[in-house]
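One structure below.
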Amino acid sequence: MRILITGANGLLGGFLVPELANNGHTVLATGIGPCRLSTADWGAETNYASLDITDAMAVHDNVTAFAPDCIIHAAAITAADDCELDPVRCWKVNVTATGFIISAAQNAAARLIYISTDFVFDGEEGPYDEMAVPAPVNYYGSSKLAAEKAVCSSGLPYAVIRTVLVYGHSDNIARSSLMSWVRSKLSAGERIRVVTDQSRTPTYAGDLAVGIRLAMEKSVTGLFHISGGDMLSPYEMAVMTAEHLGLDKDLMEQVNADTFSQPAKRPLRTGFVIDKASRELGYRPISFREGLVLSLNPKPM
Ligand SMILES: NC(=O)c1ccc[n+]([C@@H]2O[C@H](COP(=O)([O-])OP(=O)(O)OC[C@H]3O[C@@H](n4cnc5c(N)ncnc54)[C@H](OP(=O)(O)O)[C@@H]3O)[C@@H](O)[C@H]2O)c1
């Protein structure tokens with residue numbers, strides 16, 4: 001299949017592009033500005049194009065020229081605090097630009113897969129299955145839910161794939177993760193405070209990439225929850241990270257989320273029930289412990 005990916009320079013893109021390319025698909029990876037993906041293994045069937053999705057004409061032209069069978073729309077402003085502090089920019093990228101992707105997909109008669117988030121939920125009753133009613137508690141979640149609704153009512157063949165706290169090592173990603181933060185602080189002998197009253201089902205980015213590929217190849221329609229299978233608090237993730245690295249976990253203090261004041265409120269207990277993805281896609285995530293090993297001891301490139 002011919003697949004166009006938006007936001008390919010991001011964490012997911014670093015796993016999704018090779019996952020699709022290595023399974024016989026023709027891929028056009030797109031992102032803002034130059035390519036930051038590792039292109040060493042790319043064959044002739046994988047290419048990159050610079051594409052700012054807020055430029056409606058550029059979206060139309062790139063999609064028309066490539067004529068994809070499927071668009072995987074992963075681009076977004078993903079930092080919840082950034083969305084809260086600049087809601088106009090958040091809406092422009094996460095919602096208005098999703099409208100441009102929908103129009104382009106309609107013109108090209110392409111299937112659309114939209115990547116969304118557990119932050120569409122309020123965190124009162126997680127873990128959530130696909131029947132749960134969204135109720136976002138921050139602007140990022142509201143913007144992603146608005147984009148979901150636009151995709152679902154577009155008349156396109158579509159899937160909305162929601163995911164949770166994505167992690168994984170990627171050479172093109174410099175941003176900090178909980179694991180890299182724990183490693184750097186504890187290695188330096190610094191004390192850290194880690195939240196115990198939030199729960200998530202953290203998702204290894206390689207698993208998410210496989211789940212998206214399966215959804216695309218099976219041409220499924222509707223909503224799918226794809227995450228890891230282990231329900232953990234940030235503190236539990238930090239302890240497992242420290243144990244794996246042989247670092248002193250006594251340097252970690254357990255605190256509640258309301259210890260920190262952040263611009264965007266976080267849902268307390270999210271996480272997903274992934275039975276539908278397991279049944280309909282054959283999706284089988286690795287454990288968080290296995291994901292830790294892959295993320296903290298990446299294979300040399
Ligand atoms: N990471 C998570 O924990 C998580 C959890 C739940 C859902 N998701 C969803 O999963 C998807 C992929 O996220 P990710 O983890 O790969 O996040 P990411 O690393 O932040 O990637 C998002 C990408 O979107 C790009 N982007 C932003 N504005 C754009 C624009 N105007 N035009 C084109 N690209 C633009 C960013 O470009 P720059 O890199 O150049 O800024 C970035 O590369 C997102 O839709 C996100 O909402 C992520």
Side-chain angles (χ1 to χ4, degrees), residues 4-17 19 28-37 48-56 58-59 62-63 71-83 86 88-101 104 112-121 128 134 136 138-148 151 160-179 198 200-209 211-212 224-228 234 237 264 266-267 270-272 291 295:
L4 186 148
I5 303 172
T6 68
N9 278 327
L11 174 58
L12 171 60
F15 289 79
L16 186 57
V17 173
E19 176 63 30
L28 181 62
T30 73
I32 284 203
C35 180
R36 304 199 304 271
L37 296 160
Y48 180 87
S50 174
L51 176 61
D52 178 345
I53 60 165
T54 63
D55 181 340
V59 170
N62 273 275
V63 171
I71 298 173
I72 301 176
H73 178 26
I77 306 294
T78 58
D81 291 336
D82 291 351
C83 292
D86 191 348
V88 173
R89 176 166 169 260
C90 166
W91 201 262
K92 186 176 174 191
V93 175
N94 290 4
V95 187
T96 308
T98 297
F100 303 153
I101 304 284
L112 180 58
I113 296 184
Y114 177 64
I115 312 303
S116 191
T117 171
D118 58 326
F119 275 33
V120 298
F121 295 112
Y128 294 99
N138 60 37
Y139 205 77
Y140 168 65
S142 299
S143 72
K144 295 294 285 184
L145 182 60
E148 280 190 10
V151 171
V160 169
I161 295 182
R162 294 184 183 137
T163 190
V164 183
L165 188 61
V166 183
Y167 69 93
H169 172 87
S170 180
D171 282 350
N172 64 315
I173 290 285
R175 81 173 179 204
S176 176
S177 65
L178 176 80
M179 296 166 204
Q198 287 177 347
R200 304 283 185 260
T201 46
T203 310
Y204 179 60
D207 283 339
L208 176 59
I212 294 169
F224 287 84
H225 283 185
I226 289 189
S227 72
M237 293 177 223
R266 267 60 171 181
T270 68
F272 284 163
S295 303

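Ligands are counted one by one from 1 in listed order, and the atoms in each one are counted from 1 as well. This one's a predicted model, so the numbers in the text were calculated from it and none came from an experiment.
- For A29, the side chain to side chain contact (heavy atoms under 4.5 Å, CB included) test picks out A8, V17, L37, W42, Y48, with sequence neighbours left out.
- Those atoms of ligand 1 with a heavy atom of K144 less than 4.0 angstrom away are 44 (C), 45 (O), 46 (C), 47 (O).
- Distances shorter than 4.0 angstrom occur between a heavy atom of Y140 and an atom of ligand 1.
- Counting atoms of ligand 1 from 1 in the listed order, those under 4.0 Å from a heavy atom of A74 are 11 (C), 12 (C), 44 (C), 45 (O).
- Between T163 and ligand 1, not a single N/O pair is under 3.5 Å apart.
- Each of the atoms 28 (N) of ligand 1 lies under 4.0 Å from some heavy atom of V93.
- Selection from I53, V164, I77 by nearest heavy atom to atom 32 (N) of ligand 1 gives I53.
- Proximity of the aromatic rings of Y128 and F272 is defined here by a centroid distance below 6.0 angstrom, and this criterion is not met.
- Residue D52 has at least one N or O atom closer than 3.5 Å to an N or O atom of ligand 1.
- Between G13 and ligand 1, a contact under 3.5 Å exists for no N or O pair.
- Between the side chain of K144 and the backbone N or O of I115, at least one donor-acceptor pair lies under 3.5 Å.
- Atoms of ligand 1 found under 4.0 Å from any heavy atom of I32, numbered from 1 in the order shown, are 29 (C), 30 (C), 31 (N), 32 (N), 33 (C), 34 (N), 35 (C).
- D81 is linked by a salt bridge (Lys or Arg N to Asp or Glu O under 4.0 Å) to R266, counting only residues two or more places apart in sequence or in another chain.
- Between G31 and ligand 1, no N or O atom pair is found at a separation short of 3.5 Å.
- The closest heavy-atom contact to atom 20 (O) of ligand 1, among the options V166, T78, N9, T54, comes from T78.
- Of all the listed residues (S116, A76, A75), A76 holds the heavy atom that lies closest to atom 36 (C) of ligand 1.
- At distances below 3.5 Å, not a single donor-acceptor pair connects side-chain atoms of D82 with backbone N or O atoms of I77.
- Distance alone, capped at 3.5 Å, places no donor-acceptor pair between the T163 side chain and the S227 backbone.
- The aromatic rings of Y114 and H73 sit tilted relative to each other, their planes meeting at an angle between 30° and 60°.
- Not close to ligand 1: T6, with no non-hydrogen atom less than 4.0 angstrom away.
- Residue R36 approaches ligand 1 through these ligand atoms, each under 4.0 Å from one of its heavy atoms: 38 (P), 39 (O), 40 (O).
- Remark: the S295 side chain and the H169 side chain contain no N/O donor-acceptor pair separated by less than 3.5 Å.
- A distance of 12.5 Å separates CZ of F224 from CD1 of I212, quoted to the nearest 0.5 Å.
- For L51, every heavy-atom contact with ligand 1 shorter than 4.0 Å involves the backbone, none the side chain.
- Residue L165 approaches ligand 1 through these ligand atoms, each under 4.0 Å from one of its heavy atoms: 3 (O), 5 (C).
- In terms of modelled atom types and a separation under 3.5 Å, the side chain of N138 and the main chain of A264 share no donor-acceptor contact.
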